[in-house]
Number of protein chains: 2
Amino acid sequence: MGQRNDALTAARRRLEALQMRFTPARRSVVEILETSPGPQSAADLIVAVEGAVPISSLYRTLSVLEDSEVIVRFPDPNGVARYELAEWLTGHHHHMTCIVCGATSDVPVPKDLETAVDNIVAEVGRRFDFQVAGHRLDLQGVCAQCR
Amino acid sequence: MGQRNDALTAARRRLEALQMRFTPARRSVVEILETSPGPQSAADLIVAVEGAVPISSLYRTLSVLEDSEVIVRFPDPNGVARYELAEWLTGHHHHMTCIVCGATSDVPVPKDLETAVDNIVAEVGRRFDFQVAGHRLDLQGVCAQCR
DNA sequence: AGAGAAATGAGAATGGTTCTCATTCGCTTT
DNA sequence: AAAGCGAATGAGAACCATTCTCATTTCTCT
C-alpha cells in the first residue's frame, strides 16, 4: 500500500466529508506534520511554511484540523502547544523528550511492549474505578546526539 | 513513622540547606500541595491561600520551590502549569485526567504494575538508544463521579 | 457573471506567566 | 536594642502564546 500521500488523502477526505475545503494552508500543515520526526509547535510551523501563512491563519488552520481530528494538540514540557497527525493516521506512539536539547521525538513503541502498557493501563483503570479512554507515555532522558 | 509534617520539615531543611528562608508563603504552598489530591494550578493555589499571597509573589514562591526541587511543575492538558510535591517527598506516581470534568488526580501505581512500566521504559530506551532518566504516564478517561 | 458560504489576513484583545523596582523583613553583628 | 544587609515581598508593567474580530477575498455552484 502506498504511504506517501495517505495522510494527505485521508485529511482531504475527512475535510470534504465535513464540507470543508482542503485549502493550501491546511494541506501544507498536514504535509509538514507528515514528514516531521516529532510534534511541531506553531512557531515551528510558521518557519516550515516560510511565512507563507500568517500567524492568525495558521492558528485557525490548526484548530480546524484539530476539530476535524486530523491532528492532535498537546502541550510540550514548557506548556507550549505542539501538534502532530492524529493516531488514526500515524498509528499509536509515544514521545521521548531530551532534557539536554529539548527535542521531542516520536517513539513507535514495539507491539509487544505496547501490549504490556495496555494491560497495565487497563489494570490501573480497574483498580481505581476509572474508565480509561487513552494514555500518554513520555520518556525523559538524554538522546543519542546529546551524549 | 510520622508522616503529617514530613514534607513540611523536609522542605524547610532543603531551603535552609540552600540558605533560603522558609517563609509563610513558601510554607503555605507546601502545606496545600501536601494535602491536595492532585496537582494544583497557580489559580487553584491563589484560592487555597485565600488571596493571602499576591499573584506575583505566588509565582515567585513557586519558582523558588521548583528551583530547590521541593515541587515540580508540568503543564496540564490545556497547557497551564500545575504543581505538585517532588517525588522524593511523595513517592513516584502517575496521573489520570477526566475528560469530562477536567480534574487531574494522582494515581499511586501499584508496585507490581510500576515494575512492569519500568521494565518497558528501560527496554524502549535500550531499543532506541535513549538514556532514560524518568517517565510520565497519563491516563485519560472518565472518573467515577462523572459516570 | 453573480450570489452566498467559507476562508483569509491584519490587528486588537486575552490570559497565563515573568520581570522590574522600590519597599519591607529578618537575620547577624555590634 | 540599633544598624547593616542580603533576602523576600507587592504592585504593576511587560511578555508571549494564543484567540478573537471584522472587513476583505476566494471558492463553488448556479
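Treat the numbers as computed from the prediction; the structure is a model and nothing was measured.
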Rounded off to whole Å, could you give me the CG-to-P distance for the B:L62 and C:dC19 pair? 14 Å
Starting at CG of A:L18 and ending at C1' of C:dA5, how long is that distance when rounded to a whole Å? 16 Å
N/O donor-acceptor pairs under 3.5 Å from side chains in residues 16-23 of chain B, not counting sequence neighbours:
none

Tell me: CD of B:Q40 to P of C:dG16, nearest whole Å? 16 Å
Proximity to the side chain of B:R73 - top-ranked nucleotide from C:dA7, C:dT18, C:dG16: C:dT18
Judged by nearest nucleotide, the residue sitting upstream toward the 5' end of DNA chain C, B:A42 or A:V64, is A:V64
Please tell me which of B:S57 and B:Q19 maps to the more 5' nucleotide of DNA chain D, matching each residue to the nucleotide holding its nearest heavy atom. B:Q19
Rounded to whole Å, the CD-C1' distance (A:E16 to C:dA5) equals 16 Å
Under 4.0 Å from a heavy atom of chain A: give me the 5'-most and 3'-most nucleotides of DNA chain D that qualify. D:dA17 to D:dC27
Spell out, yes or no, whether B:V70 and B:V72 are grouped together once hydrophobic residues are joined by side-chain heavy atoms under 4.5 Å, including indirect joins. no
In terms of the nearest nucleotide of DNA chain C, which residue is placed more toward the 5' end: B:R21 or B:G79? B:G79
Using OP1 and OP2 only, check whether a side-chain N or O of A:R26 sits under 4.0 Å from C:dA7. yes
Hphob cluster co-occupancy, B:F128 + A:V142, side-chain heavy atoms under 4.5 angstrom: no
Between C1' of C:dG16 and CD1 of B:I46, the distance in whole Å: 12 Å
Just call it for B:A43: base, sugar-phosphate, or nothing, with non-hydrogen atoms closer than 4.0 Å on any strand. nothing
With a 4.0 Å cut-off on N to O distance, would you call B:D6 and B:R12 a salt bridge? no
In terms of heavy-atom contacts, does CG of A:L113 have more than 12 from other residues, nucleotides or ligands at under 6.0 Å? yes
Please report, rounded to the nearest Å, how far the C1' atom of C:dA7 is from the CG atom of A:L65. 13 Å
Is the phosphate of C:dT18, meaning OP1 or OP2, less than 4.0 Å from a side-chain N or O of B:Y59? no
Regarding B:T23, tell me which of base, sugar-phosphate or nothing describes its non-hydrogen contacts under 4.0 Å with the strands shown. sugar-phosphate
What is the distance, to the nearest angstrom, from the CG atom on B:D44 to the P atom on C:dG16? 11 Å
Is the shortest distance from a Lys or Arg side-chain nitrogen in A:R82 or A:D138 to a carboxylate oxygen in the other one below 4.0 Å? no
Would you say A:L8 and A:L45 are hydrophobically clustered, going by side-chain heavy atoms of ILVMFWY under 4.5 Å? yes
